[in-house]
Amino acid sequence: MVTDTRAPDSTAPGPTGAVPDKPSLDGLEDKWVARWATEDTYGFDRAAALAAPRGDTFAIDTPPPTASGSLHVGHVFSYTHTDLVARYQRMRGRHVFYPMGWDDNGLPTERRVQNYYGVRCDPSLPYDPGFQPPAKPGKDQQPISRRNFVELCERLTAVDEAAFEELWRRVALSVDWNNVYRTISGTSRATAQRMFLHNLARGEAYAQEAPTLWDVTFRTAVAQAELEDRERPGAYHRISFHSANGPVFIETTRPELLPACVALVAHPDDERYQPLFGQTVRTPLFEVEVPVVAHRLAEPDKGSGIAMICTFGDLNDVTWWRELQLPTRPVVGWDGRLVAEPPAGVPDQPYAELAGKTVFSAQQRIVELLRESGDLQGDPTPITHPVKFFEKGERPLEIVTTRQWYIRNGGRDADLREVLVARGREIQWIPDHMRHRYENWVEGLNGDWLISRQRFFGVPFPVWYRLDAEGEPSYDDPILAPESALPVDPSSDVPEGFTEADRGVPGGFMADPDVMDTWATSSLSPQVASGWDTDPELFAHVFPMDLRPQAHDIIRTWLFSTVVRSHYEFGTVPWSHAAISGFVVDPDRKKMSKSKGNATTPLDVLDRYGSDAVRWRAAGARPGADSPFDEAQMKVGRRLAIKILNVGKFVLGLGASAGLSAEQVTEPIDRGLLATLASVVEEATAAMEAYNYTRALEVSEAFFWSFCDDYVELVKSRAYSTGDAARSAQATLALALSVQLRLFAPVLPFVTEEVWSWWQSGSVHRALWPTAAELPAGGDPAVPAVAAEALAAVRKAKSEAKQSMRADVATATVTAPEAQVALVEAARVDLTSAGRIASLSVVAGEGPLTVDVVLAEPSEA
RNA sequence: GGGCGCGUAGCUCAGCGGGAGAGCUCUCGCCUUACAAGCGAGCGGUCGCAGGUUCGAUCCCUGCCGCGCCCA
């Protein structure tokens, strides 16, 4: 039976009880990964947690990694950061609810499946129950049905997820592997659909036919959060429009949209064009009459100061179209090619030869035509300008008018924006300044959250539409799936009152063809992980959760969208804390990413330095701070791990660890050492409480090295002897080891567990975090500090004489401030034996402590 | 262009009102029975620049320069 905590018991003999002769890191990872799995060391005890007050539970909303992606050391670092907190909270005696999820729906998985198997989804094909993917992907992607495609997605993500889990176990993430969720699972789909229906019922979700940013490669709409500007070359084409009073020159980077032109626009204050306002001009080539209008967004210093408004070249066009109530003349289709028929009012010629061309080819042809007609003045002027891209896309976004689902997020409602900003202020951000990222994003929103995607592997909208007598869908009264039926797949499930025969026929029904964007599901990770749909009792206990760990690049997406969903459904923030990790960057300070080719594979690094060493390095990266990848640092972590093994061997090898207790610590230097350690414990604890694992490690580590180099050296010979004084040293060493192993346990789970197992029963990771109270009070930290200072002076004398540290000292005279004399005297025995000093005298004097050292004559060899 | 963060030893970073620090690197030593995958010692910085506040500024304020991230 696994209990959540057990009190440390420094006298109980361990299960193995044996200290190896030659401790080594080799094999520790395999050994303890297996042991932790069989003993379910990190399992969440649901019953115990529910029986205890909420404050005894610590719930973490783990980021579900994209299972189809690849991991690099940056992921290892940020997940380790979370694990440091989880392990600390567990050692504080809390029930740590630490699930793991896989984000396996959406575009990345589709792409991986396409490439891995050499297939593509064709929703018009029927399901083939016997389908087997080609052994090797062929030259051309094989079209398969949607259901076959989804099956391949599920098959491949299962494999990917297993590989991820193995890596996470190797890194020693202390997640509860009994609690794993997938964003494409039935539960996730049901949760996402149920939440969507709630949003819809409350008016928070809606569908609208509207201009939408559109990726022509993926043939899907994309959301504002997925946009990025990229600098791209372009050219201003100076083109003449025709009017009764002569030509009007505009400059455009997109001459191919000439047939889509609905107006010209200039700034209302622009005197050059004021006479034209209210007039009409004719487009070149097509001779379509368009009005000249005024609008404040027109930029007088850009180009000629007058621009054409098209359907739709950019977001300004959309604004103009909406605010000036202009007609539309769509020419760009969903595939990024010019549509077959010209828009109403645009003549067949010369449009016919543009139809079917890509925008690129259409532009070339239009430019030729303009040259021939004399409407292109001069040569195009090359420029570079920002162009909107889908962050995962490679071709510029177009704007097409489509019917899409949206969730209100404040982008069109200043009051809601304010409310959501206020929600952000309810969250404790780590580090605090990351709050600005959130607020900037919310305040800069300019549209609602577009959640529908024209893709296949995702959560479908649980919606059907009736078809009228002409077979046209009636969008005004959608048929919603009943909540009891969720999850549904409207493309194979049939709404109540219809049969499959009614699908797609006049008077029948059709499914909503879209799926939800992956963020629309992952924004529900607290609900999915905490059992909103499956375990209401648990959900009521752990939600709102304690911690959302994530990286800063997805504050605008994952963090914000999670806040939105929680705000709507529960009227609360989803977690009390958000801990934001920085990136691991390469030596040039560039973010590590696979696409840049600078990513370091974690397995290789883990193999060479060990998980503890990599975790140690991760713990040195403060929350929110980027840290450069530097292998030299890994070596330092590895050295610390080895040192812990060796000092553990020394302390326990004294053969006297059993039966020792704090009462036996009598010597002033020993009591002083433990007093110092008590303040280290207090400082480390305060740092961990503030999520400052870096500071906690720093103080623990600084103590540890001086413990090894000074204290252990000072008391070594006393510890080897017998009697009360020896027992005092042995008890101190044992106590200090126990405390330090626990201080290091979150960072170095493998070596601390190994050493712990030599003399303790149970896992160090289920032991209680150390407290100052378990150490004897009243010791004077100055005793070991001054003794170490004196010893250092002796060592320096030997070092400068190029002598071994084992060289004998004939006489050593310590001159110390009056107040320190007694301190040195208190450590006299240890100091003389550690320094191999034949005759030590201590005198009071001015200034800081000094030691006059007279080395003994080297003995004859 | 806006927001945020950062400029401290060759490198990575602590410190954030009264003594400029750590680790790594480097140099010189040491086989020392926990550890040579170790130990000891040492070298190394007008704390980005310029003003201001203060008895006193690496630390607070202002401006500038440089770097990074996010957003337009």
By the 4.0 Å heavy-atom rule, please label [X] as base, sugar-phosphate, or nothing.
X	result
A:Lys388	nothing
A:Glu701	nothing
A:Trp616	nothing

How long is the straight-line distance from CZ of A:Arg435 back to CD1 of A:Ile430, given to the nearest 0.5 Å? 10.5 Å

So, taking the atom named CG in A:Leu652 and the one named CH2 in A:Trp756, what distance separates them when rounded to the nearest 0.5 Å? 11.0 Å

Mind checking what makes side-chain hydrogen bond (donor to acceptor under 3.5 Å, both in side chains) contact with [X], not counting sequence neighbours?
X	answer
A:Arg617	none
A:Arg230	A:Glu228
A:Arg836	A:Asp808
A:Arg695	A:Glu683, A:Glu698

[X]: partners by ring-ring contact (aromatic ring centres under 6.0 Å, His included), with sequence neighbours left out:
X	answer
A:Phe389	none
A:His267	none
A:Trp214	A:Trp334

Considering only heavy atoms, which members of residues 813-820 of chain A lie under 4.0 Å from some atom of RNA chain B? none

Contacting residues from residues 634-645 of chain A, given that a heavy atom lies under 4.0 angstrom of RNA chain B: A:Val636, A:Arg638, A:Arg639, A:Ile642, A:Lys643

Less than 4.0 Å between a side-chain N and a carboxylate O, is that true for A:Glu439 and A:Arg425? yes

P atoms of B:rG2 and B:rA20, separation to the nearest Å: 39 Å

Specify the separation, in whole Å, of atom CZ of A:Arg435 and atom P of B:rG3. 18 Å

Value in whole Å for how far the C1' atom of B:rG23 lies from CH2 of A:Trp705: 10 Å

For RNA chain B, which ranges pair as stems of 3 or more consecutive Watson-Crick or G-U pairs, with both donor-acceptor distances under 3.5 Å? B:1-7 with B:65-71, B:10-13 with B:21-24, B:26-30 with B:38-42, B:48-52 with B:60-64

Shortest side-chain distance from A:Arg806, nucleotide among B:rU33, B:rG40, B:rG15: B:rU33

Residue whose nearest RNA chain B nucleotide is more 5′ - A:Asp626 or A:Glu800: A:Asp626

Nearest-nucleotide 5' precedence on RNA chain B, A:Asp229 against A:Val647: A:Val647

Pairwise N/O distances under 3.5 Å, protein to nucleotides 4-7 of chain B:
residue: B:rC4; atom: O2'; partner: A:His433; partner atom: ND1; Å: 3.4

If the condition is side chain to side chain contact (heavy atoms under 4.5 Å, CB included), which residues does A:Glu231 pass it with, not counting sequence neighbours? A:Thr384, A:Pro386

Hey, are the side chains of A:Asn316 and A:Val265 touching, using non-hydrogen atoms and a 4.5 Å cut-off? no

